Protein chains: 4
Amino acid sequence: MTLNEHGTTMKAYVYHGAGTASWDEVPHPAMTAPTDAIVRVEATTICGTDLHILKGDLPAMTPGRIIGHEAVGTVTEIGSSVTTVHVGDRVLVSCVTSCGSCRFCHDARYGQCTGGGGWILGNEIDGTQAEFVRVPFADNSTYPAPAGVSDEELLMLADILPTAYEVGVLNGGIRPGDVVAVVGAGPIGLSAISGAKLFSPSVIIAIDMNASRLEAAKQFGADVVVNNSTEDPIAIVRELTGGLGADVAIEAVGVPETFELATELVRPVGRIANIGVHGKPATLHLERLWDRDVTITTGLVDAYSTPVLLKLLVSRHVDAKRFVTHHFALDQIAEAYDVFSRAAETGALKVVLTQQP
Amino acid sequence: MTLNEHGTTMKAYVYHGAGTASWDEVPHPAMTAPTDAIVRVEATTICGTDLHILKGDLPAMTPGRIIGHEAVGTVTEIGSSVTTVHVGDRVLVSCVTSCGSCRFCHDARYGQCTGGGGWILGNEIDGTQAEFVRVPFADNSTYPAPAGVSDEELLMLADILPTAYEVGVLNGGIRPGDVVAVVGAGPIGLSAISGAKLFSPSVIIAIDMNASRLEAAKQFGADVVVNNSTEDPIAIVRELTGGLGADVAIEAVGVPETFELATELVRPVGRIANIGVHGKPATLHLERLWDRDVTITTGLVDAYSTPVLLKLLVSRHVDAKRFVTHHFALDQIAEAYDVFSRAAETGALKVVLTQQP
Amino acid sequence: MTLNEHGTTMKAYVYHGAGTASWDEVPHPAMTAPTDAIVRVEATTICGTDLHILKGDLPAMTPGRIIGHEAVGTVTEIGSSVTTVHVGDRVLVSCVTSCGSCRFCHDARYGQCTGGGGWILGNEIDGTQAEFVRVPFADNSTYPAPAGVSDEELLMLADILPTAYEVGVLNGGIRPGDVVAVVGAGPIGLSAISGAKLFSPSVIIAIDMNASRLEAAKQFGADVVVNNSTEDPIAIVRELTGGLGADVAIEAVGVPETFELATELVRPVGRIANIGVHGKPATLHLERLWDRDVTITTGLVDAYSTPVLLKLLVSRHVDAKRFVTHHFALDQIAEAYDVFSRAAETGALKVVLTQQP
Amino acid sequence: MTLNEHGTTMKAYVYHGAGTASWDEVPHPAMTAPTDAIVRVEATTICGTDLHILKGDLPAMTPGRIIGHEAVGTVTEIGSSVTTVHVGDRVLVSCVTSCGSCRFCHDARYGQCTGGGGWILGNEIDGTQAEFVRVPFADNSTYPAPAGVSDEELLMLADILPTAYEVGVLNGGIRPGDVVAVVGAGPIGLSAISGAKLFSPSVIIAIDMNASRLEAAKQFGADVVVNNSTEDPIAIVRELTGGLGADVAIEAVGVPETFELATELVRPVGRIANIGVHGKPATLHLERLWDRDVTITTGLVDAYSTPVLLKLLVSRHVDAKRFVTHHFALDQIAEAYDVFSRAAETGALKVVLTQQP
């Protein structure tokens with residue numbers, strides 16, 4: 001079932017402990033289960049979480065492991081029980097891997113998989129910032145690329161778009177006519193704005209402290225932008241809503257202050273959808289919220305929306321291209337990390353690394 | 001439209017500022033709008049919130065106002081636009097009053113009514129601990145009593161049963177087979193246990209620090225009781241659930257510790273339904289919860305479930321009688337407050353005060 | 001509370017039995033309940049149902065009654081319990097009148113109102129094709145006009161837009177990425193296409209036998225049009241969906257053939273939302289459908305979506321103007337009926353009749 | 001991975017064309033894919049559908065194939081990718097087999113599986129009325145038996161209980177307090193009554209033409225029974241519901257008359273859940289139903305509720321034992337068919353065939 005000959009080694013971006021990673025020669029990945037596939041990586045990208053990994057913040061990540069959990073590429077080998085993708089197929093590799101058989105997978109909560117999946121690529125096992133990657137449970141973790149969609153568009157469906165759509169937009173229960181406040185206008189916040197527009201809210205308000213991000217928010221479809229380093233978002237949202245508050249607030253930063261702001265922005269019977277990755281507890285003002293009928297949700301991406309997002313990519317309801325601000329060859333990965341980690345300066349949203357097919 | 005002659009004054013339990021209330025002679029209530037009804041109170045009760053009112057904790061309550069927001073009685077007068085109840089009808093007076101026309105009433109969120117309703121009886125206007133009470137928006141705030149149901153059973157539908165059912169059971173989304181943890185086994189917690197059983201959970205776990213309340217929880221249908229002054233509820237729930245946690249946790253106390261416990265008890269993709277009335281903020285451990293897909297809800301009772309609970313009372317799926325532990329005549333109200341306020345000693349759940357029809 | 005002086009009579013379009021109606025002098029409407037309002041009609045329109053009324057098809061409609069159930073105008077008088085609109089307010093009069101207090105109104109199913117509302121205007125009581133109209137239950141049946149919206153745009157929210165949105169789009173459960181088939185491209189079908197787009201389906205397929213209606217469907221946003229007098233819609237939908245069928249089919253005609261077609265168009269687990277007004281039974285092919293997990297819904301408009309549609313009109317997510325093809329003065333109503341009844345020839349979608357304010 | 005030695009042949013009940021089947025010696029099943037398991041059948045049963053198969057009504061069933069789609073037994077062999085069950089495990093074999101990777105499986109609509117699963121056992125491949133059976137996609141099609149549950153109880157979860165629960169109770173959206181009408185009191189109707197009770201409806205009405213089935217319905221929990229050979233179910237349901245109709249009607253027969261009756265029994269905004277297997281079209285009275293806001297669902301069992309039903313079996317909320325009326329040894333299968341096919345006479349609900357472990 002091997003597509004073509006390959007050497008016994010390949011190049012990959014390997015984590016060597018807090019603060020250190022390098023583009024190393026490592027063994028080519030080997031099949032370990034009949035449900036595996038090997039994919040030749042033709043496009044990958046860097047996630048904000050990868051920066052946390054590099055800092056040593058994620059305990060599951062051990063030195064010697066390859067970083068990265070997003071890829072588009074070509075299947076070069078499949079296990080004996082894999083049936084939905086074939087050698088030679090161009091596929092999206094999702095950040096979430098799914099065993100397909102545990103109680104969480106049966107509820108389409110693949111991110112919570114207890115059967116060996118979840119977010120494991122570039123975290124619990126070797127990842128996608130490499131020439132090749134082994135993808136476990138390939139039947140439920142890779143998606144054949146539709147015709148007419150470029151690698152870099154497709155790559156945006158590996159993590160950022162399903163994360164914002166599922167954990168922000170769908171958990172937030174956005175409905176036509178809603179007033180939606182998005183706290184944070186980084187890549188995830190912008191992705192939430194894109195996703196929110198699929199449900200025709202009447203007003204989207206983007207809140208951030210960075211003027212250039214707010215400018216991006218306008219480009220992505222925000223109707224109102226609020227710089228909360230100088231303006232009062234609570235007052236502005238109340239004015240826009242007859243004093244009531246937003247129908248839905250999406251938290252897309254991950255610090256206590258922005259979460260607490262989100263809870264203040266919503267009207268009675270409103271919803272707060274947290275997307276941000278938090279490292280510290282927040283204060284929940286139950287003395288004000290207990291009788292306001294609010295709903296607060298948290299979530300890790302499950303990628304259950306990937307097939308829907310693929311259709312919306314094909315029908316051009318989702319414009320994935322505009323997230324990509326920088327391009328690099330795969331072996332320029334150290335430079336790509338540098339540009340991405342200085343996003344405030346470089347204006348980077350998503351950087352794409354490619355290996356010629 | 002007057003049922004029968006009445007004097008110009010009546011007796012009522014009047015709040016006179018923090019710590020003071022008395023059974024006074026006051027003017028008989030007068031109609032103020034075509035949507036009003038006057039009801040002769042034949043049964044009323046005391047709520048935990050009334051104790052807070054007596055302490056002076058509720059800013060809307062001003063001296064000179066009659067306390068109480070639960071009643072069963074007979075309609076003695078109706079306004080010109082009232083059509084669903086008639087003079088002489090025996091009715092339930094709900095704690096929630098609904099204008100029927102604002103955006104929240106149109107969403108069945110009557111507790112959030114912005115048209116002059118919500119929880120106003122015994123809070124923003126004179127209440128039900130009186131011989132007569134004026135009920136605004138009678139068409140949406142009173143319910144004709146079904147045949148075969150006693151006053152004291154019916155009275156349990158004025159507040160406690162719909163509160164626990166809507167804000168605990170329905171917000172918690174309990175489904176057949178679920179493991180449900182109820183934190184707090186006071187009247188509201190017991191009511192949540194009763195309501196949960198309507199959806200056939202496989203296990204109900206009641207958690208409290210008071211042994212006699214846990215004994216009551218068993219009587220009301222808890223399968224497992226945990227005294228968290230001596231036992232570790234998190235460990236017990238995990239053991240019962242293969243390490244995962246409960247499907248649903250209901251907070252029925254209203255202090256930070258019990259809310260935080262509820263968030264620790266649920267499994268990934270679980271739900272936490274807060275019923276408790278909180279006076280202080282709680283800590284939300286987003287550093288542990290952000291990726292667990294939890295849903296947290298808060299709520300004030302809307303009483304939208306009252307018609308359903310009336311059917312379940314008639315069909316004997318809800319046993320309301322067992323909440324009533326003590327009986328008093330209406331003019332013994334000071335004594336009733338004393339017994340109710342010393343519930344730990346007296347074993348009081350709900351005390352009923354009656355006036356002969 | 002009267003806005004301005006008016007005479008004791010007015011002009012109105014009166015039904016005189018099957019086939020006959022005329023623009024007559026009739027008594028000015030009088031208040032009959034404290035919940036009533038009188039509205040001076042400044043814009044009204046003709047519905048397909050009005051043509052059925054003229055033919056004598058609706059048994060509730062008796063000779064001598066004024067036709068019409070859609071209006072925009074100015075409140076001239078309100079009853080003593082009316083609080084949400086005031087004399088002088090410019091309002092939308094909805095086709096559905098709601099008592100606000102019956103079990104169906106409490107479920108937001110106003111069209112099924114058992115408290116004296118439902119679709120009664122121009123059916124069970126005098127209607128809106130008149131200089132003035134009495135609107136029962138004004139608090140729940142009229143909506144203050146938002147600023148910046150024209151009378152004729154607003155008028156489209158009296159019936160056609162909420163009907164297609166609630167009974168077609170929302171009952172159909174349209175989701176982003178769906179393939180939606182709309183059977184019938186008359187005013188209601190076009191309205192369903194407009195409403196469907198609010199949820200970003202990937203493909204909308206319009207099916208009709210009339211080429212000019214299909215042309216209109218394209219203008220309103222259909223991605224694919226099928227003339228089922230010459231083409232096979234089932235084959236086309238299957239080809240577009242990998243053989244599976246549409247996610248949602250909306251029936252917008254009201255004859256057995258189109259309903260049966262709708263049931264053939266959907267995939268397993270699909271939904272069929274019937275909007276059409278039917279006069280005859282249809283055949284339900286349960287021998288093919290029993291194991292396909294389909295959901296079929298029927299419905300009368302409830303107008304619960306009116307507040308949302310008002311917001312979407314203001315935010316320009318709904319373009320109501322383009323439904324209006326012809327304009328007349330109110331006293332040219334006979335001519336307007338003639339143009340509207342010959343829609344195939346005249347290209348009429350909605351005709352608007354106006355009375356200067 | 002083989003549990004124990006077995007011969008090269010076994011005994012099985014083989015279909016030989018319309019009207020003929022026999023207990024034959026056939027080859028022992030062989031593994032065909034890494035996702036397969038072989039199960040030694042220790043308990044199996046006969047379904048109403050098997051009688052249709054014997055008559056030759058199911059085109060997928062070809063002569064030479066083994067009948068049967070329900071079993072409890074012991075795993076004797078597993079494929080290389082099977083991880084959730086092991087050799088030696090006692091398991092439930094569900095009537096529905098699921099690939100776990102197609103769009104329908106990802107939506108938990110396993111009955112519609114397009115990846116090689118669905119209802120295939122005893123239909124498209126050899127079935128369970130045999131000493132051994134090959135079960136495809138074992139990870140998603142078998143369930144380890146919980147402790148404390150007998151084989152015959154467990155066996156009721158292979159088809160009848162999930163079918164009635166999913167397609168009747170859950171599709172019907174039964175809520176506490178509802179009035180539920182079940183048309184047909186055979187095994188599936190009785191199973192729907194059992195399942196409905198999990199949601200605490202206020203009244204369950206069973207309708208059948210057979211007095212002994214109605215007697216069984218009472219035992220299973222029906223509050224009211226109606227013999228529609230002599231009584232008018234529509235009149236009785238209206239009388240019980242103030243003229244409105246039932247909230248939910250479940251069709252559990254499969255002929256046009258009972259389906260049409262179900263549509264007449266429900267109130268406006270009611271739901272009709274069809275479980276019956278239909279061979280002929282029914283008439284849908286859209287001229288009466290178009291404006292009544294009804295929802296009609298059809299469905300094949302998906303078995304997504306099996307894990308929940310297992311919990312309810314363990315917690316004794318579901319009493320599966322009482323469905324079993326007759327017991328046979330596996331090799332007495334011809335006799336078992338005879339008893340089951342004459343259910344009206346023999347009173348058979350479910351017959352259980354066992355093979356000693």
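These numbers were taken from a predicted model, which means no experiment stands behind them. Chain identifiers are assigned alphabetically (A, B, ...) following the order of the sequence lines, protein sequences preceding nucleic acid strands; residue numbering begins at 1 within each chain.
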Gap separating the SG atom of A:Cys99 from the CG atom of D:Asn140, nearest 0.5 angstrom
8.0 Å

Segment of D:Thr84 engaging chain A (4.5 angstrom heavy-atom cut-off):
side chain

D:Ser80 and A:Ser80, any side-chain heavy atoms less than 4.5 Å apart
yes

With a 4.5 angstrom heavy-atom cut-off, which part of D:Phe137 approaches chain A: side chain, backbone, both or neither?
neither

Atom pair OG (A:Ser98) and NE2 (D:His106), whose distance is rounded to the nearest 0.5 Å
6.0 Å

Nearest-0.5 Å distance that lies between atom SG in A:Cys105 and atom CG in D:Asp139:
11.0 Å

Where does D:Ala33 contact chain A at under 4.5 Å (heavy atoms): side chain, backbone, both or neither?
neither

